[in-house]
Amino acid sequence: MRYYCHLSSPTTSSDTNLQLYSLIKASEAWNELANIISKVGIDDVDHFTERCSFIIATLGLSLMQLLGQNNPSPEKENMGRPHEMFSYLLHRTRTDRTKQKQLNKTFREFLKYYAIIRHFGKNKFDQNYHDLDRLTLDEVNRFRKMTIEFWNIMIDMYRQEGSFDGSLSSVSEIVHFIELP
């Protein structure tokens, strides 16, 4: 049976599989979208909303797995809500309060879209459809940057605690996202 580890496990970065694999898939989708935009422009991207939704979904999957794997409670019934776990982990780091507030705010905004995408379908007032129509490339980009920053904060936290002995200093050394044109 293969071992699926959390970030602080004494294994190589390639073994940090589920959460990292999801981030890799997000980067592949992002890079494809960025390449298409550079060729045809944002207005001519086929399936723009679906592409952005997929990126949000895979970023979210990566973050939720990262949060769950590093949550202090192994008991499912005692796990906090995602924004609580995110805030708790940030609080454990040496990230300054202003940055923590900014990341928490962005994460909460991200969760609104992530929840819509995860539970997409008709609701009482078709609000999911309207909310998803408002998703912009700038927001997806902001959520992408927040995800990378949170990954890097987690890597740094475990390195400083001495429980992560890898040479990795940034998730960007493994996962490459193209910057928008």
Side-chain angles (χ1 to χ4, degrees), residues 4 6-7 16-34 36-37 42 45-73 76-93 95 99-155 157 171-172 174-180:
Y4 294 92
H6 55 26
L7 187 60
T16 311
N17 39 52
L18 292 178
Q19 57 271 32
L20 184 59
Y21 183 78
S22 299
L23 188 62
I24 290 167
K25 291 301 170 187
S27 75
E28 289 171 358
W30 172 266
N31 294 345
E32 181 180 4
L33 179 59
I36 292 169
I37 289 170
I42 194 167
V45 174
D46 288 333
H47 306 289
F48 177 77
T49 301
E50 292 85 346
R51 290 173 187 275
C52 289
S53 296
F54 182 79
I55 294 165
I56 295 286
T58 50
L59 289 174
L61 190 56
S62 175
L63 285 169
M64 296 312 136
Q65 291 165 350
L66 190 60
L67 293 173
Q69 286 285 317
N70 291 284
N71 185 51
S73 174
K76 184 177 181 180
E77 60 274 358
N78 292 330
M79 287 185 91
R81 296 184 307 199
H83 72 273
E84 293 167 342
M85 290 188 289
F86 188 89
S87 183
Y88 169 79
L89 286 171
L90 271 181
H91 186 69
R92 284 183 52 199
T93 69
T95 308
K99 178 56 78 175
Q100 284 185 28
K101 285 181 182 181
Q102 176 208 4
L103 286 169
N104 275 312
K105 181 179 184 288
T106 303
F107 185 69
R108 283 180 181 266
E109 292 165 0
F110 169 82
L111 284 176
K112 291 175 189 175
Y113 285 108
Y114 183 63
I116 289 168
I117 292 163
R118 284 183 48 239
H119 304 292
F120 194 69
K122 204 153 180 68
N123 63 8
K124 191 174 180 180
F125 303 107
D126 292 333
Q127 193 61 44
N128 286 345
Y129 299 115
H130 298 299
D131 290 344
L132 195 54
D133 283 341
R134 288 194 291 266
L135 181 62
T136 66
L137 185 62
D138 287 339
E139 285 179 302
V140 177
N141 192 34
R142 190 166 55 99
F143 300 149
R144 174 189 71 88
K145 289 177 180 179
M146 176 267 307
T147 302
I148 293 167
E149 188 167 7
F150 185 72
W151 264 88
N152 289 342
I153 288 169
M154 294 296 295
I155 289 168
M157 177 185 74
V171 74
S172 297
I174 299 171
V175 181
H176 176 70
F177 286 87
I178 296 172
E179 291 298 324
L180 290 173

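Keep in mind it's a predicted model, so treat the numbers as computed, not measured.
Contacts of Glu84 classified as salt bridge (Lys or Arg N to Asp or Glu O under 4.0 Å), with partners at least two apart in sequence or in another chain: Arg81. Here Lys145 pairs with nothing under the salt bridge (Lys or Arg N to Asp or Glu O under 4.0 Å) rule; sequence neighbours left out.
Nearest heavy-atom pair across Met146 and Leu103 is CG-CD2, 3.8 Å.
A salt bridge between Glu109 and Lys112 is absent, with no side-chain N of the basic residue lying under 4.0 Å from a carboxylate O of the acidic one. We find that Arg51 and Glu32 are joined by a salt bridge, their nearest charged nitrogen and carboxylate oxygen being less than 4.0 Å apart.
Taking 4.5 Å as the limit, every side-chain heavy atom of Leu90 sits out of range of all side-chain heavy atoms of Phe107. Using a 4.5 Å cut-off on side-chain heavy atoms (C-beta onward), Thr106 and Phe150 make no contact. Within the 4.5 Å cutoff, the side chain of Ser62 has heavy atoms near those of the Trp151 side chain. No side-chain heavy atom of Tyr21 sits under 4.5 Å from any side-chain heavy atom of Leu61.
Remark: the backbone N or O of Thr49 is paired with a side-chain donor or acceptor of Ser53 at under 3.5 angstrom. For Gln65 (side chain) and Gln19 (main-chain N/O), a donor-acceptor pair under 3.5 Å exists by modelled atom type.
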*Trace of the side-chain contact (heavy atoms from CB on, under 4.5 Å) decision for Leu63 with Tyr114*: CA-CA 11 Å; Leu63 285 169; Tyr114 183 63; over 6 Å; no
_Candidate pair Ile56 and Phe143, rule side-chain contact (heavy atoms from CB on, under 4.5 Å), full reasoning_ = CA-CA 8 Å; Ile56 295 286; Phe143 300 149; 3.4 Å; yes
*Given the rule in the side-chain contact (heavy atoms from CB on, under 4.5 Å) test, do Ser22 and Leu66 qualify, once you have shown the distances and angles that lead to the verdict?*
CA-CA 10 Å; Ser22 299; Leu66 190 60; over 6 Å; no
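Between the side chains of Lys99 and Gln102, a donor-acceptor pair is found at a separation under 3.5 Å.
To the nearest 0.5 Å, the span separating CZ on Arg144 from CG on Leu23 amounts to 10.5 Å.
Counting heavy atoms of neighbouring residues, nucleotides and ligands inside a 6.0 Å radius, atom NE2 of His83 exceeds 12 of them.
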